[in-house]
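Report on one structure; see the data block that follows.
Note that this is a predicted model, so its numbers are computed, not measured. Start at 1 and go down the list; that is how both ligands and their atoms are numbered.
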Amino acid sequence: MAKNKNNQALWGIRIKKNTPLLFQKIGNSIDIDKRLYKEDIAGSIAHVEMLFKQKIISFKIKNKIIYGLIKIEKEITNKKFEFNKKYEDIHMNIEKRLFQIIGEEAGYVHTARSRNDQVITDFKIWIKSATKEINLALNKIIKNTLKLAEKNIDTIMPGFTHLKNAQVISFAHYLMAYVEMFNRDIKRFSNNLNNLDENPLGVAALSGTSFNIDRNYTTKKLGFKRPTNNSIDTVSDRDFVLDFLYSVSVCSMHISRIAEELIIWNSDGFNLINLSDKVVTGSSIMPQKKNPDPLEYLRGKSGSTYGNLFAMLTILKGLPLSYFKDLQDDKEIIFKSNDTLLDCLKIFDEILKNFTPNKKQMLKLANSGYITATDLADYLVKNHSISFRKAYQKTAAVVNLAEKKNKDLDQLTLKELKKIEPKLTNDVLKVFDLKNSVNSKRSYGGTSFDNIKKMIMKYKKQK
Ligand code: ARG
């Protein structure tokens with residue numbers, strides 16, 4: 001267990017026997033939480049500066065501690081620091097080393113704090129910067145999606161519901177749906193920061209401290225908005241962990257849905273997009289194959305991020321207040337989710353740059369499945385003063401006729417159409433034009449070319 005300079009366990013006076021090695025193996029978290037060293041040192045520096053300001057420690061001790069901490073940070077950054085599993089976690093590894101560097105005065109650093117508030121302070125600072133990194137990656141994806149959308153405003157494709165041809169759309173409009181999803185992800189991650197942005201430092205083990213500390217001071221120093229209100233809740237609360245894991249899950253679910261879509265579009269049946277050789281892999285037996293493995297990886301990874309969310313929810317279920325060792329697993333869980341998502345975002349960005357729409361096939365597929373039927377119904381309402389339901393029925397009859405004659409809607413003659421609605425004139429034929437159809441959806445948020453252009457501009461200005 002953790003020992004100070006005199007080679008004695010931190011709690012060695014009270015606890016006489018060494019815990020079995022197996023406990024050490026399960027209980028230590030240094031391999032995981034060493035990732036928090038910068039945050040831990042920043043927290044300790046703010047803490048001792050506050051202790052000095054409040055006249056709890058002397059100027060000399062404060063400076064010595066800060067000197068030691070900065071040296072430790074350099075050692076860790078330069079990979080010169082020896083992490084030791086015996087000292088459990090990053091907090092005790094650093095404290096132990098501080099004793100070696102500055103001697104007994106290191107013993108003042110832990111005045112008026114506990115590892116319980118220390119660890120969540122580190123963790124919250126880390127999540128804030130992880131959030132920034134994820135949002136940067138998301139913004140990059142949005143920018144590249146906008147570029148692709150700009151090039152494809154007049155690329156016509158079928159829009160699907162139930163994976164059946166539904167109505168004609170622009171491929172750019174489809175891509176802009178992805179932009180909306182990723183933009184919500186950014187907002188979701190950012191919104192989490194409102195709740196998270198409370199400084200835990202100074203609540204100590206669970207009840208606060210009798211030292212005259214200034215929590216507003218460390219709050220400012222560490223860039224939090226305000227101190228937390230209740231010391232017991234502070235050391236037990238991991239809602240901010242769940243919020244992050246949930247946001248990761250939603251974002252990876254978005255990626256998973258898009259990946260699945262691109263896999264379908266890349267299949268030989270649909271053949272709507274081409275993937276460059278950079279983002280496919282081959283088969284060990286079938287020489288002809290080009291498989292969309294990276295997309296399948298993206299589709300599958302949401303499984304692990306959901307798993308991480310559920311692991312944390314399960315750890316928290318039924319856990320009384322306040323701190324328990326159960327909580328220590330939170331870091332491994334978040335790091336895994338974070339790293340997986342960042343990888344996925346980078347891979348998705350690569351894919352965005354490495355696929356092209358198969359415009360010919362998109363148009364061909366759009367021209368099937370009686371896709372302009374709703375346009376005909378709308379036309380009847382607008383030009384022949386009938387209700388939508390009546391128009392719907394007449395159009396259904398037109399579709400039946402086309403099916404019987406083995407024709408698409410645009411292959412029907414006016415004479416044939418007139419069998420169902422005698423008042424129809426030549427003018428009706430324009431509703432079967434795919435571009436017309438796309439461009440007629442001018443309602444806000446619809447697929448008309450103008451709407452798409454405006455939306456692309458809006459996002460380009462924002463990013
Ligand atoms: N490594 C511990 C964790 O992550 C730090 C808090 C330890 N507190 C305690 N009372 N044992 O949860």
Side-chain angles (χ1 to χ4, degrees), residues 1-4 9-15 17-20 22-44 46-47 69 72 76 81 83-98 109-128 130 196 199-209 218 222 228 230-242 244-245 308 311-338:
M1 285 289 104
K3 291 168 183 179
N4 66 16
L10 273 183
W11 40 72
I13 294 180
R14 176 86 178 121
I15 300 173
K17 288 192 178 141
N18 281 336
T19 46
L22 182 62
F23 282 17
Q24 213 183 81
K25 190 177 148 214
I26 286 201
N28 96 83
S29 60
I30 188 63
D31 286 342
I32 309 288
D33 60 24
K34 64 182 174 197
R35 223 166 135 165
L36 295 175
Y37 77 95
K38 278 200 169 142
E39 291 78 5
D40 196 70
I41 287 170
S44 292
H47 183 63
L69 289 171
I72 292 170
I76 302 179
F81 189 96
F83 291 104
N84 195 331
K85 288 196 166 73
K86 270 202 305 195
Y87 308 126
E88 263 190 45
D89 55 24
I90 186 65
H91 324 295
M92 293 205 289
N93 267 268
I94 289 178
E95 187 175 328
K96 159 81 182 164
R97 179 75 187 122
L98 195 60
V109 70
H110 215 55
T111 316
R113 78 167 185 196
S114 150
R115 278 186 300 157
N116 295 355
D117 56 343
Q118 197 180 349
V119 68
I120 25 179
T121 306
D122 299 359
F123 204 19
K124 282 186 167 184
I125 299 174
W126 186 89
I127 292 176
K128 278 209 235 178
L196 172 141
N199 176 21
L201 198 58
V203 303
L206 83 159
S207 67
T209 175
T218 50
L222 294 172
T228 54
N230 180 293
S231 57
I232 302 172
D233 172 59
T234 303
V235 294
S236 354
D237 168 37
R238 293 295 182 278
D239 293 359
F240 63 95
V241 174
L242 294 176
F244 185 83
L245 292 171
N308 294 335
M312 196 64 218
L313 279 167
T314 312
I315 287 171
L316 289 169
K317 178 189 174 296
L319 196 68
L321 310 184
S322 61
Y323 178 84
F324 292 90
K325 199 70 168 186
D326 312 41
L327 296 171
Q328 180 164 273
D329 267 349
D330 57 0
K331 271 134 344 252
E332 184 172 12
I333 291 171
I334 270 209
F335 292 157
K336 277 195 299 192
S337 264
N338 174 75

Heavy-atom proximity to atom 9 (C) of ligand 1, picking from Tyr323, Phe123, Phe324, points to Tyr323
Considering the options Lys34, Arg115, Lys96, which one meets the salt bridge (Lys or Arg N to Asp or Glu O under 4.0 Å) requirement together with Glu88? Arg115
Using heavy atoms and a 4.0 Å limit, tell me yes or no: is Glu88 in contact with ligand 1?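 Contact absent.
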Distance-minimising heavy-atom pair for Ile30 and Asp89: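 That would be CD1-C, 3.5 Å.
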Quick one: are Gln118 and His110 in side-chain contact, heavy atoms under 4.5 Å? yes
If we only count heavy atoms from C-beta on, is the Asp330 to Phe244 side-chain gap below 4.5 Å?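 Side chain of Asp330 against side chain of Phe244, heavy atoms only: no contact under 4.5 Å found.
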Which residue holds the protein heavy atom closest to [atom], what is that atom called, and what is the gap in Å?
atom	answer
atom 11 (N) of ligand 1	Arg115 NH2, 3.3 Å
atom 4 (O) of ligand 1	Lys331 NZ, 2.5 Å
atom 2 (C) of ligand 1	Gln328 OE1, 3.2 Å
atom 10 (N) of ligand 1	Asn116 OD1, 3.1 Å

Could you walk me through whether Thr228 and Lys124 pass the side chain to side chain contact (heavy atoms under 4.5 Å, CB included) check? CA-CA 12 Å; Thr228 54; Lys124 282 186 167 184; 4.1 Å; yes
Between Lys85 and the options Asn93, Asp31, Asn28, the side chain to side chain donor-acceptor pair (under 3.5 Å) test singles out Asp31
Within the 4.0 Å heavy-atom shell around Asp89, which atoms of ligand 1 are there?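 Ligand 1 atoms under the 4.0 Å threshold to Asp89: 1 (N), 2 (C), 5 (C).
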